Amino acid sequence: MVTIRLTNSKTRKKEDFVPIDAKNVRMYVCGPTVYDRAHLGNARPVIVFDTLYRLLRHVYGADHVTYVRNFTDVDDKINAEALRRQKAGAPGTLEELIHQRTEETIAWYHADMDALGALRPSIKGVVSENAEPRATEFITQMIAMIDGLIASDHAYAKDGHVLFRVRSYKDYGKLSGRSVDDMIAGARVEVAPFKEDPMDFVLWKPSSDEEPGWSSPWGRGRPGWHIECSAMAHELLGQSFDIHGGGLDLQFPHHENEIAQSACAHPHGDFAHYWLHNEMLQVEGKKMSKSLGNFFTVRDLLDQGIPGEVIRFVFLMTHYRSPMDWTEAKRKDADRTLANWHLQTWELDPTPAEEFVADRSLVEALAEDLNTHMALVRLRALQDQPQALLDNARWLGLLPDSERQRFRNSWLSLSAGSGSSPDFAELAQRLDHLRKQAIDSKDFSAVDALKSALIAAGVEVRMSKSGVELVPGSDFDPAKLEALQ
RNA sequence: GGCGGGUUGGCGGAGAGGUUACGCAGCGGAUUGCAAAUCCGUGAAGACCGGUUCGAUUCCGGUACCCGCCUCCA
């Protein structure tokens, strides 16, 4: 069996991965707050941990891997959007408007991440709602956990708030390499009258009438962000599980707080054994932000006609622990490579899953701390074996049916020639004929004109002694060929 | 201010204490009416300074620069 090696943020070392239970390898990844479309940065952890998920399924068996990724649907930004709609005259209660907002956002999220070739999370291979828990469905567990933390003196209630007593957990700061005293020294921590210590963070906070709330021993209110993940991970994966993933920006404070809460609430468990953090995304060398005007969503790219697999490929080009830059040059590079692979494999059928054996060098690349860049190199090395290329690319989430169909459609409609679409074969024949005439007459103006028109329409022209071949590129525009018919 | 990460050839981007990364671009050639595509071949690197070593781009220390986090952003 392949040994998977992973860089564990907890120890800052690359370690052999040894699961607690090889029959049920458990991974938790912090999912999105569902207040709006997922931006491109949101896609990075999805693709990174999807790749890890695929590797784990390969090594341990699809039925022996559990992957939970939550939806945070309690959030001030969601509330604000719902309130905005209500004030704009939308019908329904605030709770209904909130629900409506989260429902549509989750549907968008699914559509966008599906397009990137990300598998849906699952409980031992079974895709279900529980694999994508929503915070609002685990309020009871959160309250119970908070209650326990108060009982064991790790938390205290004050003015409708419940706060975690950071000083009560001696290892606080270990994951992110910070000491509580250092943090207070240079820091901008929120000082509030209800806090014993400025570092203490909220487990529960009161809700106004304009905010969603649940009744609790501390009055009507809602949970703090950090407790959500702790409660859901505990409920679905137990007090000890294998891998916890998320973006590097979540390492502090979110993950630090998760550890503190969980360790104190469940002193017999040890929470996550391996912590994995993906580095952040940049756009053309700069941090993606609304103020810089380089902010965009996954949907924006898909709507521009950039296939999801191209986006995925670009992400796989960079190791997950390096900052990644989204650039037009990389997009083109990925687009071109994938177009070639489609061309080489479009006539083949994928090998059935039960007969497929992943290329060993590819698996080894991924097993070495998820070296996706090396995996792409291995894939490229399979180019002279189209069937292996197809099967292994698909194993990595590339060359999905939808894209293959898309490629085939543009290819076939042209080569077959039909009704309104340009007759590709006829054009090729005409060009070949003109060319042969021109070679005799030495007048190449007619053949060059047709060739230029085809190139302008995004068609690659290949002429040789054996004849003319026309290949539509990714920027092929049939409308531009109408005039030639 | 505190903590962490990075700096590889024109560009992107890996691995390895000594042996070709790879892709794109470039250059030379084959092919072509000219191209494109394809094929063959090829030059080019390791921020700076010191240390360890027979030998370092790879390990250690320092300097410079860049980036992230410290603000419920993945």
Side-chain angles (χ1 to χ4, degrees), chain A residues 9 12 29-33 35-36 38-49 69 72 74-77 173 175-179 181-190 199 201-202 205 223-229 245-254 256-257 277-282 285-290 295 314 317-325 327 329-330 332-334 336-337 340 343 365 368-369 371-381 435-436 438-444 447-448 451-452 454-455 459-465 468-471 473:
Chain A
S9 302
R12 283 142 217 273
V29 174
C30 291
T33 301
Y35 64 96
D36 206 350
H39 64 250
L40 191 61
N42 289 306
R44 194 159 190 201
V46 172
I47 293 170
V48 165
F49 293 105
R69 185 181 61 208
T72 296
V74 185
D75 178 81
D76 290 345
K77 275 175 269 192
L175 176 73
S176 52
R178 297 154 203 256
S179 80
D181 295 320
D182 284 349
M183 282 186 278
I184 290 174
R188 295 167 280 182
V189 285
E190 189 192 353
M199 287 307 295
F201 58 88
V202 170
K205 57 189 166 190
W225 176 37
H226 315 300
I227 196 71
E228 297 174 10
C229 285
L248 190 59
D249 57 336
L250 294 183
Q251 188 177 41
F252 186 89
H254 185 54
E256 198 70 73
N257 293 352
H277 291 100
N278 61 275
E279 252 289 359
M280 311 303 280
L281 175 92
Q282 299 186 320
K286 297 199 167 123
K287 179 176 175 162
M288 183 164 82
S289 73
K290 285 180 178 163
F295 180 95
V314 170
M317 280 164 73
T318 304
H319 187 90
Y320 76 96
R321 289 194 308 113
S322 296
M324 190 206 113
D325 202 8
T327 63
K330 284 188 191 175
K332 277 188 186 157
D333 195 15
R336 188 188 157 111
T337 302
N340 269 335
L343 198 57
E368 190 55 41
D369 200 23
N371 192 339
T372 50
H373 189 279
M374 189 55 77
L376 292 179
V377 170
R378 306 292 191 210
L379 217 43
R380 212 185 293 273
R435 180 166 155 275
K436 279 175 179 148
I439 289 171
D440 290 335
S441 68
K442 305 291 180 207
D443 176 8
F444 293 96
V447 62
D448 281 344
K451 189 176 77 176
S452 303
L454 285 164
I455 290 170
V459 180
E460 190 187 295
V461 179
R462 299 179 180 178
M463 292 191 286
S464 66
K465 277 179 184 147
V468 171
E469 202 183 351
L470 300 179
V471 183

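A note on names: the letters A, B, ... follow the listed sequences, proteins ahead of strands, and every chain is numbered from 1. What you see is a predicted model; the values in this text were computed from it and never measured.
Between H254(A) and W225(A), the ring-plane angle classifies as parallel under the 30° and 60° cut-offs.
Here the separation of G4(B) from G17(B), taken at their C1' atoms, is 27 Å to the nearest Å. Rounded to the nearest Å, the gap between the P atom of U52(B) and that of C22(B) is 34 Å. Of the P atoms belonging to A44(B) and G9(B), the separation is 14 Å, rounded to the nearest Å. Annotation: C39(B) and G23(B) have their P atoms spaced 11 Å apart (nearest Å). A distance of about 15 Å separates the P atoms of C60(B) and G18(B), rounded to the whole Å. Nucleotides C24(B) and G41(B) place their P atoms 14 Å apart, quoted to the nearest Å. Distance check on atom C1': A64(B) versus C49(B) gives 10 Å, rounded to whole Å. Taking the C1' atom of each, G50(B) and U57(B) are spaced 16 Å apart, rounded to whole Å.
Residues meeting the side-chain hydrogen bond (donor to acceptor under 3.5 Å, both in side chains) test with R462(A), sequence neighbours left out: E460(A). With sequence neighbours left out, the salt bridge (charged side-chain N to carboxylate O under 4.0 Å, His left out) criterion links K436(A) to D432(A).
Looking at H277(A), its side chain has no donor and acceptor atom pair within 3.5 Å of the base of A74(B).
Annotation for M463(A) and V468(A): closest pair CG-CG2, 3.8 Å, computed over non-hydrogen atoms. Contact between S176(A) and F252(A) at its shortest, heavy atoms only, is OG-CD1, 3.4 Å.
Residues D369(A) and Y320(A) have side chains that bring a donor and an acceptor to within less than 3.5 angstrom of each other.
In this structure the side chain of C30(A) reaches within 4.5 angstrom of the side chain of C229(A), judged on heavy atoms. Side-chain contact between H277(A) and L175(A) is present, with at least one heavy-atom pair separated by less than 4.5 Å.
Nearest nucleotide to the side chain of R12(A), out of A14(B), G4(B), A74(B): G4(B).
To the nearest angstrom, P of C73(B) lies 15 Å from CG of D36(A). For the pair L454(A) CG and A37(B) C1', the computed distance is 15 Å after rounding to whole Å. Distance R69(A) CZ to A74(B) P: 13 Å, rounded to the nearest Å. Note: CD (E256(A)) to P (G4(B)) measures 13 Å, nearest angstrom. Atom CZ of R378(A) is separated from atom C1' of G13(B) by 15 Å (rounded to the nearest Å). Here the P atom of nucleotide C11(B) and the CE atom of M317(A) are 15 Å apart, to the nearest Å. Between Y320(A) atom OH and G13(B) atom P the separation is 17 Å, expressed in whole Å. Atom CG in L175(A) sits roughly 12 Å away from atom C1' in G4(B) (whole-Å rounding).
We find the CG-CE distance between L40(A) and M324(A) to be 6.0 Å, quoted to the nearest 0.5 Å. Between the CG atom of L250(A) and the CD atom of E256(A) there is a distance of 12.5 Å, given to the nearest 0.5 Å. For the atom pair CG (N42(A)) and CE (M288(A)), the distance works out to 7.0 Å, reported to the nearest 0.5 Å. If you take CG on D249(A) and CG on N278(A), they are separated by 8.0 Å, rounding to the nearest 0.5 Å.
Contacts of G41(A) with the nucleic acid, taken as non-hydrogen atoms under 4.0 Å apart, include base atoms. The residue L281(A) sits close to a base: some heavy atom pair falls under 4.0 Å. Here R462(A) lies in heavy-atom contact (under 4.0 Å) with a base.
Along RNA chain B, the nucleotide closest to H319(A) and the one closest to G246(A) are compared, and the more 5′ of them pairs with H319(A). Nearest-nucleotide assignment on RNA chain B puts the 5′-proximal partner with K330(A), out of K330(A) and E368(A).
When the options R44(A), H373(A), E279(A) are evaluated for a side chain to side chain contact (heavy atoms under 4.5 Å, CB included) with T318(A), the one that passes is R44(A).
Here the side chain of T33(A) pairs no donor or acceptor atom with the backbone of Y35(A) at under 3.5 angstrom.
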List, with names and distances, any nitrogen or oxygen atoms from the protein found under 3.5 Å away from nitrogen or oxygen atoms belonging to nucleotides 32-34 of chain B.
unit_1: U32(B); atom_1: OP1; unit_2: K465(A); atom_2: NZ; d: 2.4
unit_1: G33(B); atom_1: N1; unit_2: D448(A); atom_2: OD1; d: 3.1
unit_1: G33(B); atom_1: N2; unit_2: D448(A); atom_2: OD2; d: 3.1
unit_1: C34(B); atom_1: O2; unit_2: K451(A); atom_2: NZ; d: 3.3
unit_1: C34(B); atom_1: N3; unit_2: K451(A); atom_2: NZ; d: 2.8

Taking only N/O atoms, report every protein-nucleotides 64-69 of chain B pair under 3.5 Å with atom names and distance.
unit_1: C69(B); atom_1: OP1; unit_2: K287(A); atom_2: NZ; d: 2.9
unit_1: C69(B); atom_1: O2'; unit_2: R178(A); atom_2: NH2; d: 3.3

Collect all protein-nucleotide pairs involving nucleotides 21-25 of chain B in which both atoms are nitrogen or oxygen and the distance is under 3.5 Å.
none

Watson-Crick or G-U pairs under 3.5 Å in RNA chain B, rendered as dot-bracket with [ ] for crossing pairs and | for another strand: (((((((..(((.....[...))).(((((.......)))))....(((((..]....))))))))))))....
